[in-house]
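Here the structure comes first, spelled out in structure tokens, and everything after it is commentary.
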There are 2 protein chains.
Amino acid sequence: MDRRQMKTRAAIFDALSTLLKHKKFEDVTVQDIIDEANIGRSTFYSHFETKDSLLEEMCDEMFKHVFSNDLSPEKSHDFSKDEKDISSQLTHVLWHIKDHSGNIKAIMNGESEKMFTGYFKKYLEDAFKEHIRHMPYGVPEDFKEQFIIGSFVETVKWWIANGLKMNPEEVVGNFLKMVIRV
Amino acid sequence: MDRRQMKTRAAIFDALSTLLKHKKFEDVTVQDIIDEANIGRSTFYSHFETKDSLLEEMCDEMFKHVFSNDLSPEKSHDFSKDEKDISSQLTHVLWHIKDHSGNIKAIMNGESEKMFTGYFKKYLEDAFKEHIRHMPYGVPEDFKEQFIIGSFVETVKWWIANGLKMNPEEVVGNFLKMVIRV
DNA sequence: AAAATATCGTACATTGTGTTCGATAAAATG
DNA sequence: CATTTTATCGAACACAATGTACGATATTTT
């Protein structure tokens, strides 16, 4: 990929991130973005079809990071690599979110929250469908999946909206207390 | 209130309901609404400041109905009036939603879904905060409330999105199985 | 019947979108 | 290094939607 393209793409992402800290996504105009990013109008449209497709690609990249299994050494939050149970995996995801909380908080305003939610659920389903399948409840499978994924995403959104005051371990701990038979 | 105002207001609500069945809220223009409602442009703006405030008022009216405790005789779904437990109250709400599913399904597209969710949570909190307070779990109060309300709303949204195939009784039954200690 | 007021409808200013195109600058290629 | 390829610039443009203004008309209230 051409170096210029990469620079422009990064500048656009950065610009949107910055702007989202001051206003809601629906109030950000393409003009705002190209001013903040210092690029030409036609350049923006050669990279993204619309403002929404820009947001989509931003969310996708963000969740690729959040759900990546490779923690960089300094960010490793005391997990031995053989911990593979659902508890530590969920905690792992929440630590990533906390580490990127600046950008994620910005996205969680107005319209763009819906895109966040959509991508979050998609990635969670891929990652945890098997885990969920093994949880025994007396309800239909699709209901169970919907419930676990949905309630977890709602919990995380609540956690973010309230300023990430709890530790990821506490959030996951409380979540599992609500959801697991004791 | 002037009869003309009432007629216009109703015409605007009907128009938006109709339009939402064919396209998403964000794709409906004020022009669409005034054409469908057969009113003048300035008339629309004398009733509502923006398209969004129209949606707000529509949602508010809708949930006033959904959470009203007086079922009309022919719509009463076999509840004796002394049933006051959380199960039958939730079921009651879901029957109302099912009865108004046409309009509610329409609102559950695109942007407007968020407003639905917001109002739904607000009304649920008011109605069930006391019930929830009496449920024993080993987690903080605010976490518990957030979890119960959030997971119920997600469950209802999932139910609606999948075509309301289950009966309200089944939905509430499965929900409580996930949430109540047995 | 008279006064009050809701609606009509047209016109208008404004804002944002997405496209086009020739000129310019920067990168890849050999 | 020279050449080709390609990304960016920037200004102009057509288009669509928003929200406002106002005099004329119709309907309701008193």
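Letters A, B, ... mirror the listed sequences (proteins, then strands); counts begin at 1.
- Proximity of the aromatic rings of B/F143 and A/W158 is defined here by a centroid distance below 6.0 angstrom, and this criterion is met.
- Taking atom CG on B/D52 and atom P on D/dA17, their separation rounds to 16 Å, with Å as the unit.
- A/I33 has its CD1 atom 15 Å from the P atom of D/dC9, to the nearest Å.
- A/H100 and A/H96 are not linked by any side-chain donor-acceptor pair at a separation below 3.5 angstrom, with hydrogens and angles left out of the test.
- Between C/dT7 and B/H47, a contact under 4.0 Å exists linking OP1 or OP2 to a side-chain N or O.
- Rotation axes derived from the C1' atoms of the five outermost pairs at either end of the helix from C/dA1-D/dT30 to C/dG30-D/dC1 lie 40° apart, to the nearest 10°.
- Following rounding to the nearest Å, B/M1 (CE) and D/dT27 (C1') show an atom-to-atom distance of 16 Å.
- Partners of B/R3 according to the salt bridge (Lys or Arg N to Asp or Glu O under 4.0 Å) rule, which considers only residues two or more places apart in sequence or in another chain, do not exist here.
- Sorted by first and then second residue, the salt bridge (Lys or Arg N to Asp or Glu O under 4.0 Å) pairs with a member in residues 18-27 of chain B read B/K23-B/D32; sequence neighbours excluded.
- When only modelled atom types and interatomic distance are considered, A/D85 and A/Q89 share no side-chain donor-acceptor pair under 3.5 Å.
- Salt bridge status for B/K144 with B/E141: present, with a side-chain N to carboxylate O gap under 4.0 Å.
- When the side-chain nitrogen and oxygen atoms of B/Y45 are compared with OP1 and OP2 of D/dG19, one or more of them lie within a distance under 4.0 Å.
- Separating the CG atom of A/D27 from the P atom of C/dT17 is a distance of 11 Å, rounded to the nearest angstrom.
- Rounded to a whole Å, the CG atom of A/L54 is 17 Å from the P atom of C/dG16.
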For side-chain contact (heavy atoms from CB on, under 4.5 Å), just list the numbers for B/M178 and B/F152, CA-CA rounded to whole Å, side-chain angles, deciding distance to a tenth of an Å, and then say yes or no.
-> CA-CA 10 Å; B/M178 298 294 299; B/F152 185 69; over 6 Å; no
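- In this structure, B/F48 atom CZ and D/dT18 atom P are separated by 15 Å, rounded to whole Å.
- Counting to the nearest Å, the C1' atom of D/dT18 and the CD atom of B/E49 are 13 Å from each other.
- When the C1' atom of C/dT20 is taken as reference, atom CZ of A/F44 falls 17 Å away, rounded to whole Å.
- Cluster annotation: A/V153 is connected to A/I180 through the hydrophobic network of ILVMFWY side chains, with a link wherever side-chain heavy atoms come within less than 4.5 Å.
- Using a cut-off of 4.0 Å between Lys/Arg side-chain N and Asp/Glu carboxylate O, A/E61 and A/K64 are scored as not salt-bridged.
- Remark: B/T18 engages no residue in a side-chain hydrogen bond (donor to acceptor under 3.5 Å, both in side chains) (not counting sequence neighbours).
- A heavy atom lying under 4.0 Å from DNA chain C marks the following residues of residues 2-17 of chain B, by number: B/D2, B/R4, B/Q5, B/T8.
- Taking a 4.0 Å limit (strictly below) on heavy-atom distances, residues 35-43 of chain B reaches DNA chain D at B/R41, B/S42.
- Under 3.5 Å, the side chains of B/W159 and B/E170 contain no donor-acceptor pair of N or O atoms.
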